[in-house]
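Scope of the values below: all heavy atoms of this structure, side chains included, with no hydrogens, waters or symmetry mates. Naming: A, B, ... by sequence-line order, numbering from 1 per chain.
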There are 2 protein chains.
Amino acid sequence: MSAPLKLYAAAAPNGFKITTFLELLGLKYDLQILDISKGEQKEPWFLKLNPNGRIPTLIDSTHGVTVSQSGAVLQYLADTYDPNHKLSFKYGSKEYYKQLEYLIFSVAEQGPITGQLYHFKHLAPCKDEYAIDRYFKDVNRIVGVFDEILNRNKHNGLYLVGDHLSAVDASVYGWSRFLKPNDIELEKYPLFNQWYNSVDQNEFVQKGVNRLLQK
Amino acid sequence: MSAPLKLYAAAAPNGFKITTFLELLGLKYDLQILDISKGEQKEPWFLKLNPNGRIPTLIDSTHGVTVSQSGAVLQYLADTYDPNHKLSFKYGSKEYYKQLEYLIFSVAEQGPITGQLYHFKHLAPCKDEYAIDRYFKDVNRIVGVFDEILNRNKHNGLYLVGDHLSAVDASVYGWSRFLKPNDIELEKYPLFNQWYNSVDQNEFVQKGVNRLLQK
């Protein structure tokens with residue numbers, strides 16, 4: 001029998017965000033892995049679901065909702081499937097908006113800028129030193145901001161907001177897996193480095209990652 | 001007497017988003033314009049408010065909330081100051097998540113990618129044809145996606161979601177002001193062009209823009 005949740009994703013930063021959060025929430029879901037290298041995410045059937053033609057997209061047949069963009073998918077899951085706020089914060093609370101602020105920082109800066117660095121370091125046809133330097137510096141700045149955010153919240157533990165993991169940790173984790181391949185030295189950011197290792201070693205996070213890696 | 005809402009912003013895309021939405025909501029607010037050219041947003045007093053050191057930041061002394069990142073500020077204002085959903089959608093509804101999806105598309109793709117195009121066309125010290133071409137194509141793709149989103153919603157009118165303006169229109173408008181200076185031909189995207197002109201001519205939107213331009 002198919003699950004009421006169906007996720008379209010790929011073994012990429014924005015895919016890992018969602019599978020890890022689904023596993024943390026303990027939800028069952030069907031997974032369809034798109035072949036991005038063949039442009040499957042730009043095919044007409046998928047564009048009907050998401051006009052932006054990018055993963056992830058989640059269909060929740062219980063509520064008749066289709067939602068795309070990793071930040072929106074995470075917030076939808078938190079709002080809908082975490083009524084006791086074990087992995088989220090009460091709607092309207094100060095922590096809810098702090099979580100939303102950092103979630104948006106993650107999708108609006110960490111993701112796009114790390115993505116540009118990855119492109120210019122690994123995919124661009126020519127070596128563009130100006131662009132590599134521009135994005136390398138900005139990714140370091142962004143990781144430094146997360147280190148400071150963790151510092152401000154350290155009385156609560158190794159979490160970005162409050163005293164437990166939430167959608168924002170899943171979001172930041174997704175792209176953080178791609179820092180070492182971009183030669184970012186995590187040791188320069190001690191709290192962030194501790195936080196990353198702690199999230200990375202979480203058994204549910206590993207389960208989410210492995211589902212996309214088909215391990 | 002000072003207003004309970006204080007906005008720190010600048011005459012820049014992410015500033016325009018917030019002042020236009022505040023005016024659409026009919027809210028009174030104090031405005032402090034930061035001199036970004038002098039790096040005022042990186043000064044210690046501002047970093048205490050926003051560790052990311054970027055505008056906009058909103059302080060709501062009524063609710064004891066400080067919130068940054070344009071997408072989060074817009075969602076906070078909609079949730080808090082639009083109880084009758086004239087410029088928003090009911091929390092948990094399908095339209096609420098559609099609005100959140102496109103809001104995040106705006107802050108995660110439209111903003112960062114148009115920003116990179118602007119940098120390489122106008123600010124970079126050398127002419128980098130590869131980067132200019134990369135971002136020019138992607139901004140055109142993104143505007144095309146908004147044109148398609150408007151097409152899917154055209155039975156409701158010229159709005160990105162539902163039958164009225166909302167935070168997502170304010171968000172997309174902020175960066176859309178910077179399309180023509182980047183040589184994007186809006187005429188290629190008929191519905192988007194109509195939508196842009198309609199929003200741009202709205203008297204409250206103009207009031208918000210002019211407040212930041214100190215006109």
*For the pair Asp133(A) and Lys137(A), find out whether any cationic side-chain nitrogen is under 4.0 Å from an anionic carboxylate oxygen.*
yes

_Sequence neighbours excluded, every pair satisfying salt bridge (Lys or Arg N to Asp or Glu O under 4.0 Å) that has a member inside residues 77-89 of chain B_ = none

*Below 4.5 Å from any heavy atom of chain B, which atoms of Phe120(A) appear? Answer side chain, backbone, both or neither.*
side chain

*Name the orientation class of the two ring planes belonging to His63(A) and Tyr81(A) (parallel below 30°, tilted from 30 to 60°, perpendicular beyond 60°).*
perpendicular

_Ser106(A) and Gln110(A) side chains, donor-acceptor separation under 3.5 Å_ = yes

*Pick whichever of Gly71(A), Pro125(A), Ser70(A), Gly111(A) has the most heavy-atom pairs under 4.5 Å with chain B.*
Pro125(A)

*Taking Val65(B), Ile149(B), Asp128(B) one by one, which has the highest count of heavy-atom pairs under 4.5 Å against chain A?*
Asp128(B)

*What part of Pro51(A) lies closer than 4.5 angstrom to a heavy atom of chain B: side chain, backbone, both or neither?*
both

*Count the heavy-atom pairs under 4.5 Å between each of Gln75(A), Arg141(A), Glu109(A) and chain B, then report the option with the highest count.*
Glu109(A)

*Tell me the residues of residues 94-105 of chain A whose non-hydrogen atoms fall below 4.5 Å from those of chain B, in number order.*
Lys94(A), Tyr96(A), Tyr97(A), Lys98(A), Leu100(A), Glu101(A), Tyr102(A), Ile104(A), Phe105(A)

*Donor-acceptor side-chain pairing of Tyr135(A) and Asn182(A) below 3.5 angstrom*: no

_Looking at Lys188(A) and Asp147(A), is there a salt bridge between them, counting it only when a charged N and a carboxylate O are closer than 4.0 Å?_
no

*With a 4.5 Å cut-off on heavy-atom pairs, point out which of Thr80(A), Ile113(A), Asn52(A), Leu47(A) contacts chain B the most.*
Asn52(A)

*asked:* I'd like to know which of Gly92(A), Gly53(A), Gly64(A) tops the heavy-atom pair count under 4.5 Å against chain B.
replied: Gly64(A)

*Is the Phe178(B) ring parallel, tilted or perpendicular to the Tyr118(B) ring (thresholds 30°, 60°)?*
perpendicular

*For the atom pair CD (Gln41(A)) and CD1 (Ile55(A)), what is the distance rounded to the nearest 0.5 Å?*
8.5 Å

*Any chance the side chains of Asp60(A) and Tyr76(A) put a donor and an acceptor closer than 3.5 Å?*
yes

